[in-house]
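To keep things clear, I will list the structure first and then write my remarks on it.
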Amino acid sequence: MVWDHAWDEYRIEAVGIIAPAANAEWTGDYGEALDLLVSKGERLSLPIFDCTMDGRALA
């Protein structure tokens, strides 16, 4: 999951596997983005990564 500056939304997609080009999903809501991320990871049996500033622990 990354923040897509072009769309000003979170982009959730499987990377590095053979998948249809339409596998990317976008949403502006962080909670919904996390739900989509976990769902996609479970569905494809892949590890999930939140690469956004929201997903980082700040000291």
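The shown structure was predicted, so the numbers you read here are calculated from the model rather than taken from an experiment.
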query = Looking at residues at least two apart in the chain, or sitting in another chain, which of them share a side-chain hydrogen bond (donor to acceptor under 3.5 Å, both in side chains) with Asp4?
reply = Arg11, Trp26
ask   = Can you find a heavy atom in the side chain of Glu9 that is under 4.5 Å from one in the side chain of Thr27?
value = no
query = How long is the span from the CG atom in Leu37 to the CE atom in Met1, to the nearest 0.5 Å?
reply = 5.5 Å
message = One pair to check against salt bridge (charged side-chain N to carboxylate O under 4.0 Å, His left out): Glu13 and Lys40. What are the steps and the verdict?
response = CA-CA 8 Å; Glu13 66 182 321; Lys40 187 175 291 283; over 6 Å; no
key: Shared hydrophobic cluster for Ile12 and Val2 (ILVMFWY, side-chain gaps under 4.5 Å)   = no
query = Given the rule that I, L, V, M, F, W and Y join up when any side-chain heavy atoms are under 4.5 Å apart, are Phe49 and Leu36 in one cluster?
reply = no
inquiry  = Under a plain distance cut-off of 3.5 Å, with no hydrogens placed, do Asp50 and Thr52 share a side-chain donor-acceptor pair?
reply    = yes
message = Ignoring hydrogens, what is the shortest heavy-atom contact between Asn23 and Ala14? Give both atom names and the distance.
response = ND2-O, 3.4 Å
request  = Would you check if Trp3 and Asp8 make a side-chain contact, meaning some heavy-atom pair closer than 4.5 Å?
outcome  = yes
